[in-house]
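To keep things clear, I will list the structure first and then write my remarks on it.
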Amino acid sequence: MPAVEAAIALVLAVATPTAAQVTWRARAIDEITSTRANTTSPFAPATPDLWTAANDLLAAGDLLWDASSRVRIGAAALLRARQPGDVRARAREAYVRLAPASWIDLEAGKRLARWGTGYAFSPTGLLDPPRDPTDPTDRLAAQEGIVALRADLFRGPTAFSLAVAAPGIDRPPSGPQATGGRLVAARLRTTVAGADVAAVVSAGDGRTPSWGGNVTYVVGRRFEVHGEALVHDVRSPWRTLLDGGHGGGRTMSAVIGGQYTFDRGINIVVELYRDGNGLTTDGWSRLIAGARPGAPLPNASRPTRQTFLFARASSADIDARLVPEVLIIAGLDDGSVTSVAGLSARLSTRLQAYVRATSLDGPAWSADGSAPVAATITAGIAARF
Amino acid sequence: MIRRPTAVALMILALAAPAVAQDDAARLLEQADRFRADWPSLRLTTRIDTYDGERLTESAAFEVALKGEDSLITFLSPRSKGQTLLMRGDDMWLYLPAVARGVRITPLQRLAGNTSNGDLARLRFAVDYSASLGGEETIGDTACVVLELRARRPSAAYQRVRYAVRKEDGLPIRAEYFLASGRPIKTAFFEDVRPFAGRPTVARIVIVDEIRKASKSVMVFERIVPQPIDDRVFSPSRAGG
């Protein structure tokens with residue numbers, strides 16, 4: 001029997017005709033961003049405009065169809081227009097999940113994974129979409145899933161997940177996880193004495209297996225601590241290009257952090273992150289020495305450094321009418337500081353408006369001080385249905 | 001002069017009295033819980049209307065799966081559609097669809113947001129609180145026993161609750177919720193008892209904000225269906241989607 005027919009037969013076999021349920025949500029976002037160029041950046045165009053403006057219009061929809069308690073079909077699509085005539089459609093998710101027995105889920109398709117536990121950084125998120133620490137909540141909800149076959153086995157608070165993924169299929173290339181080839185990943189997750197712990201391992205084409213784990217624990221009523229560590233190959237092309245002897249081999253990425261909620265409803269998140277793929281000081285010096293104004297970077301993704309301190313203060317009440325937010329990402333290797341200040345206002349049940357200001361500062365040779373962008377100001381309006 | 005056997009009997013009575021009172025309070029709390037969807041596992045849908053004065057400011061809908069000490073709340077209103085809140089014993093996770101991951105949250109964070117989220121995750125007080133007798137009171141025309149509830153686990157939404165239940169059968173009448181500081185935070189009035197699956201169950205709760213007096217929420221249980229639910233529904237690995 002051909003594979004497609006076998007799959008359809010399996011879906012029909014586990015589906016029951018009752019209790020079908022459809023859940024959907026949709027949103028439209030229009031966002032305008034003004035960008036101030038860093039005219040002294042070695043990576044900036046030769047004659048940059050000091051200020052430029054861009055508009056980003058998004059329409060997105062998610063659909064979940066629970067054909068029965070045993071079959072779920074999910075899809076999420078995004079339509080994005082960054083400038084007139086440049087409209088792109090993306091599938092964020094498209095999958096089918098079968099539950100042939102009470103202890104197992106089988107899933108196939110493109111799916112957003114949730115393996116990491118860090119807030120801004122998540123090295124053990126082997127299948128997760130890359131995180132942007134300046135926008136940890138993905139305000140545009142534009143992140144995309146990974147194409148995979150996956151099995152999840154459940155026993156009480158313990159779950160074992162096994163995924164065979166193709167990170168290079170239908171996903172924008174960004175970050176070391178998104179390289180091509182096959183990727184097999186497994187996770188064992190459980191709760192022990194209030195601690196949510198997970199061990200992860202992955203193996204892929206042309207790479208030595210990665211392994212690590214993560215933990216979260218809540219202390220009392222207001223304090224949460226979490227940590228992640230992953231031993232992995234160096235996957236950064238920048239390291240290979242600029243860090244000579246450090247360009248290959250093994251490294252470790254790790255994050256440790258916590259969040260605290262005050263009585264007045266303020267929530268603070270702090271994380272210390274070490275990026276095993278980040279450039280060393282020597283490598284960074286070579287990058288700066290070789291950069292020439294007007295010369296574009298040889299890779300779409302900018303190189304990063306190794307050690308970062310992240311801090312975020314916001315309202316613990318994500319449903320409040322006004323939610324202010326302040327983010328700081330300090331590069332401890334070179335004195336870089338990215339700061340973000342934002343305010344979102346709930347205009348009605350369906351409408352939300354927000355503004356965000358981002359500033360990149362630091363010594364001229366640092367990652368932020370040498371970035372081609374000095375600051376951005378963003379204003380947006382979102383409608384949800 | 002009290003004779004020796006009498007003195008011993010009095011001592012026994014004095015020692016036993018608090019234990020008897022404790023038993024009475026626990027029994028009354030169990031009786032009260034029977035009016036609050038006290039099935040081993042169930043699914044319910046509820047709507048919460050929030051008022052500022054007489055003006056309806058928001059109407060939100062939720063679907064809740066409950067099993068023992070575990071609960072999964074799915075948010076259905078447009079603004080937060082797709083969010084889920086999972087409680088497994090004392091542990092809590094919030095899943096935001098846009099973030100594509102679950103966030104471990106603390107009990108205090110659960111109280112933030114819609115002020116009734118914490119009340120949805122656990123309907124039965126006996127799971128989170130130990131009870132003692134706190135006197136009697138007449139509310140309206142109803143003779144009530146007041147139970148003093150103290151949180152006995154960190155995940156309890158409130159540190160202290162004064163819970164007035166009808167003397168004759170334990171029907172919940174009113175609950176006053178307090179922060180650890182002793183400050184009253186809100187008062188709930190249990191109304192409209194209706195049969196769900198053949199059992200009288202509180203179907204409407206009016207919650208008055210004691211800090212912003214003009215604000216109140218009305219929680220209406222629209223559907224309660226006792227049914228078996230797989231344990232995996234409450235798995236942190238699955239709850240987000």
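So you know, we letter chains A, B, ... as the sequences are listed, proteins then strands, and number each from 1. These values consider heavy atoms only, across backbone and side chains, with no hydrogens, waters or symmetry-generated copies.
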> So what's closer than 4.5 Å to chain A heavy atoms on B/D231: side chain, backbone, both or neither?
Replying inline: neither
> What part of A/I104 lies closer than 4.5 angstrom to a heavy atom of chain B: side chain, backbone, both or neither?
Replying inline: backbone
> Among all residues two or more places apart in sequence or in another chain, which pass the side-chain hydrogen bond (donor to acceptor under 3.5 Å, both in side chains) test with B/W39?
Replying inline: none
>> Is A/F223 close to chain B through its backbone or its side chain, or both, or neither, when contacts mean heavy atoms under 4.5 Å?
In response: backbone
>> Salt bridge or not between A/D152 and B/R238? Use side-chain N to carboxylate O under 4.0 Å.
In response: no
>> Taking CZ in B/R183 as the centre, count heavy atoms belonging to other residues, nucleotides or ligands within less than 6.0 Å. Is the count above 12?
In response: no
>> Which atoms of A/R187 are under 4.5 Å from chain B, going by heavy atoms: the side chain, the backbone, both sets, or neither?
In response: side chain
> Is the shortest heavy-atom distance from the side chain of A/V218 to the side chain of B/D91 under 4.5 Å?
Replying inline: no
>> With a 4.5 angstrom heavy-atom cut-off, is it the side chain or the backbone of A/A101 that approaches chain B, or both, or neither?
In response: backbone
> Once you round to the nearest 0.5 Å, how far does CZ of A/R384 lie from OG of B/S77?
Replying inline: 11.5 Å
> Where is the tightest heavy-atom contact between B/R88 and A/G156, given as atom of each residue plus distance?
Replying inline: NH2-C, 3.8 Å
> Checking A/D62 against chain B: side chain, backbone, both or neither under 4.5 Å from a heavy atom?
Replying inline: neither
> Top residue by heavy-atom pair count (under 4.5 Å) with chain B, among A/S102, A/A76, A/A159?
Replying inline: A/S102
>> Tell me the closest heavy-atom pair linking B/S237 and A/R150, and the distance in Å.
In response: O-NH2, 4.4 Å
>> Can you confirm whether B/E54 is buried at CD, in the sense that more than 12 heavy atoms of other residues, nucleotides or ligands lie under 6.0 Å from that atom?
In response: no
> Most heavy-atom pairs under 4.5 angstrom with chain B, which of A/V219, A/T216, A/T158?
Replying inline: A/T216
>> How close do A/R25 and B/K81 get, counting heavy atoms only, and between which atoms?
In response: CD-O, 3.4 Å
>> Counting neighbours of CG on A/L140 that are heavy atoms of other residues, nucleotides or ligands and sit closer than 6.0 Å, is the number greater than 12?
In response: yes
> Which bit of A/W24 comes within less than 4.5 Å of chain B, counting heavy atoms only: side chain, backbone, both or neither?
Replying inline: both
>> If you compare all heavy atoms of B/P236 against all heavy atoms of A/R189, which two are closest, and at what distance to 0.1 Å?
In response: CB-NH2, 3.3 Å
>> If you count every heavy atom of other residues, nucleotides or ligands that lies below 6.0 Å from B/R153 atom CZ, does the total exceed 12?
In response: yes
> What heavy-atom pair brings B/R104 and A/G194 nearest, and what distance separates the two atoms?
Replying inline: NH2-O, 2.7 Å
>> So that I can tick it off, tell me whether A/R321 and B/E58 are bridged by a salt bridge, with the cut-off set at under 4.0 angstrom between side-chain N and carboxylate O.
In response: no
> Would you say the side chains of B/W93 and A/D196 form a donor-acceptor pair under 3.5 Å?
Replying inline: yes
> Side chain, backbone, both or neither: which part of A/S161 has a non-hydrogen atom closer than 4.5 Å to chain B?
Replying inline: neither
